[in-house]
Enquirer: 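Below is a structure I'd like to ask you about.
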Amino acid sequence: MSGGVAGHPWDLAKTRTGRRGSVKFLWYAGLSAVLVLVALLAWSPALPGVWHDDGVYLLLAKAIAQGQGLHYAGVVGTPPAPKFPPLYPLVLSGVWSAFPEFPESAPLFQVLNISLVILAGVCFLAFSHRNLGLGIREALLVTTIAWVSVETWRPTVIPLSEPLFLATLILALWSGSSMERAGGTAATAAFCLAATAASYTRSAGVVLWVGAALTFVSRRRLGAAAAVVAVGTAVLAPWFLWAEWAARRIPGGLRDILGPYGSWLLQGSLGNPAAFGRDLANALAALSSGMGAILLPGIPGDWRVVVGTVLVFPLALTGSLILWRRSRLVVLSLVFYLGLLLLWPYRASRLLMPMIPILVLIVTLGLERTIDRAGGRRVLRVAAVLVAGCWGLWFAGRSLAGLRRGEHDGGYRIRSEALVRGTEAVLTATPQDAVVGAPELWAALHLYTGRTVAPSAPFVPLAAEGPSWGTPVQQYRLWSEAGLEYLLVEHGGKVHGPALDRMDAECPGGAVELLATLPGAFVVRLNWDDECRGRLMGAWKSSPLDLSLP
């Protein structure tokens, strides 16, 4: 026989399945091509290390690649690094090992992040089509809109962990929704692996475990909920226990910058609940504003508040209810992630980036339901279709225009220029064995100059008095414990100006020696002796807030 009887239903079914598979492959290939073009539009010459986190990630990657493990190589005392989970530095270390010449290898880190974002986009298309009930065209539309956002590409410019977290998050939600709907060993194992990868990329990945457990509780599958809790605890406990152990091996003055968030956040909230409450209110306002800016790009603030309140919020609420019926895990993960951002000490738009696809999805589902409810009422249906079309076209058009104008990397380019100037000044003004501090560029200074470094400002956002970068006395303590000899004073002296002015006044005779002046920055040498230290730090014990661990 040569293939069976012509026209047999089985042969027809195979033919149709094959055709559908070929057509869907073309959709995935088309999306990949579009995302590559958008990536070319988003490509940036910005240097890595221009902010705090990206410099630290590369510092850790270099340490791992050179066999030093998860330590702050190049920092005074080479302390352990419990602040950032290890998966992203480990991935970066693979690039560093293969291409150890830095900064010549800098573009490869951007290629890595861009590739992760493209992979995440293809996975989201498959996830939303196969597991969330979207038609392939609708899934492609939602994915395309979400993946042209300026905020989606902002973290790809420099080595930040959001692209890897986005990819692992989508894989976890994909497998988790299958586990939620049908169970099965394969789906459960896939979820556990993906959720573990997400949690070891960013600590916020814990929301996946919490969301999965509560999903099973809501469906009265208590055994499955208990299993998720047990596996999640077994997976995450080693990291959190090690992080607590490692934190105690970091000098107290450096611990709030180099240590994990949990301990000092807990102490800060308990030590000053009023400030913590005010911070939560500010965080809620910032979070609402950030989501509004993502979903309504380019619309002025006042109008964005009106449109968001009247239109976007009701649509998002409707879409969330629809999504809840399709996957409770996705909705719970979104809710807990946003809740975690309220407690997070940093306010940065990039932290919302992993949730952009879900935010776009729920608004789209809300618009779809509004159109369906219009039914035969022609005017309402036309109005709903017009609103949906205008929003999609505005979102995509404004986002692409923003990428073309460089809205995703404008700040990075400015900081790159500052980094180049600061690096050249440090190379010129300090000896090779110098110990150099900076508020933000400290990690980059080691990467580009080889100097031993340390952060030069604490981070105390809940302080009863004084700025979030600490009082002069708190800064003196940090400088003394780290043995800083030189400072790259950034931000026009905003952070260290008062401390240096006080040192110059209290310890005359050249305690502060100006070595180089740059646009918005300068390099100084600290020539303070024990008598000067005692005079400046005598008030330390009465300082209103000490976040160091006992």
Side-chain angles (χ1 to χ4, degrees), residues 16-17 19-35 37-38 117-149 152 166-167 169-171 173-178 180-181 291 294-297 311-331 333-334 354-376 380-400:
R16 290 167 183 163
T17 302
R19 289 174 179 171
R20 285 197 298 268
S22 299
V23 170
K24 288 182 179 179
F25 173 78
L26 292 177
W27 288 114
Y28 292 115
L31 175 66
S32 300
V34 169
L35 295 185
L37 293 176
V38 177
V117 167
I118 293 174
L119 172 64
V122 175
C123 290
F124 186 78
L125 173 60
F127 165 48
S128 56
H129 172 55
R130 296 182 182 181
N131 287 41
L132 299 182
L134 274 67
I136 186 64
R137 292 179 178 81
E138 185 183 9
L140 181 66
L141 179 63
V142 170
T143 304
T144 303
I145 291 175
W147 260 258
V148 299
S149 171
T152 297
L166 174 66
L169 174 77
I170 291 172
L171 290 173
L173 293 176
W174 186 359
S175 55
S177 62
S178 297
E180 170 189 358
R181 184 178 63 251
M291 288 190 291
I294 287 171
L295 294 172
L296 299 170
L311 185 62
V312 176
F313 178 75
L315 290 173
L317 183 60
T318 300
S320 298
L321 294 175
I322 297 170
L323 187 57
W324 174 263
R325 291 193 286 271
R326 301 182 184 183
S327 175
R328 298 181 184 184
L329 172 62
V330 176
V331 176
S333 297
L334 172 65
M355 290 298 157
I356 290 176
I358 309 302
L359 294 174
V360 171
L361 173 62
I362 61 176
V363 171
T364 303
L365 291 175
L367 285 166
E368 184 182 61
R369 174 55 58 87
T370 302
I371 294 172
D372 290 342
R373 284 178 175 173
L380 291 179
R381 189 175 182 85
V382 170
V385 170
L386 284 175
V387 169
C390 289
W391 175 72
L393 289 173
W394 174 265
F395 190 108
R398 180 60 180 76
S399 297
L400 290 171

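Bear in mind the structure is a predicted one, so any value in this text is a computation, not a measurement.
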Enquirer: Would the distance check show the side chain of Thr370 and the main-chain N or O of Gly366 forming a donor-acceptor pair, the cut-off being under 3.5 Å?
Expert: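 Answer holds: yes.
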Enquirer: About how many Å separate CG of Leu132 and CD1 of Ile358, when rounded to the nearest 0.5 Å?
Expert: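 Between Ile358 CD1 and Leu132 CG, I get 7.5 Å after rounding to 0.5 Å.
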Enquirer: Are Thr364 and Glu138 linked by a side-chain donor-acceptor pair shorter than 3.5 Å?
Expert: no
Enquirer: Please check this pair: side chain of Trp174 against backbone of Asn131, looking for a donor-acceptor N/O pair closer than 3.5 Å.
Expert: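 No; zero donor-acceptor contacts below 3.5 Å.
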Enquirer: Give, for atom CG of Leu171 and atom SG of Cys123, the distance between the pair rounded to the nearest 0.5 Å.
Expert: 4.5 Å
Enquirer: Does any non-hydrogen side-chain atom of Val330 lie less than 4.5 Å from one of Phe127?
Expert: yes
Enquirer: Would you find a donor on one side and an acceptor on the other, under 3.5 Å apart, between the side chain of Glu180 and the backbone of Ser327?
Expert: no
Enquirer: A side-chain contact here means heavy atoms from C-beta on lying under 4.5 Å apart; do Leu296 and Trp391 qualify?
Expert: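 Answer yes - side chains close enough.
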Enquirer: Is the shortest side-chain heavy-atom distance between Leu134 and Leu361 below 4.5 Å?
Expert: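 A side-chain contact exists here, since the closest heavy-atom pair is under 4.5 Å.
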Enquirer: Once rounded to the nearest 0.5 Å, what's the spacing between atom CZ of Arg130 and atom CD1 of Ile136?
Expert: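 Between atom CZ of Arg130 and atom CD1 of Ile136 there are 8.5 Å.
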Enquirer: Please name the pair of heavy atoms, one in Ile145 and one in Phe395, separated by the smallest distance, quoted to 0.1 Å.
Expert: O-CE2, 3.0 Å
Enquirer: Roughly how far, to the nearest 0.5 Å, is the CG atom of Leu125 from the CG atom of Leu140?
Expert: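 The CG atom of Leu125 is 6.0 Å from CG of Leu140, to the nearest 0.5 Å.
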Enquirer: If only atom types and distance count, is the side chain of Trp394 paired as donor or acceptor with the main-chain N or O of Pro297 below 3.5 Å?
Expert: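 Pair found, side chain donor or acceptor close to backbone of Pro297.
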Enquirer: Can you see which heavy atom on Ser320 is nearest to which on Ile362, and at what distance?
Expert: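 For Ser320 and Ile362, the tightest heavy-atom pair comes out as OG-CD1, 3.6 Å.
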Enquirer: Does Trp147 reach the main-chain N or O of Val117 with its side chain, forming a donor-acceptor pair under 3.5 Å?
Expert: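 Checking the backbone N and O of Val117 against the side chain of Trp147, a donor-acceptor pair under 3.5 Å is found.
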Enquirer: In Å and rounded to the nearest 0.5 Å, what is the CD1 to CG distance from Ile371 to Leu380?
Expert: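 Taking CD1 in Ile371 and CG in Leu380, the distance rounds to 11.5 Å.
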Enquirer: To the nearest 0.5 Å, how far apart are CD1 in Ile170 and OG in Ser128?
Expert: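 The CD1 atom of Ile170 sits 9.0 Å away from the OG atom of Ser128.
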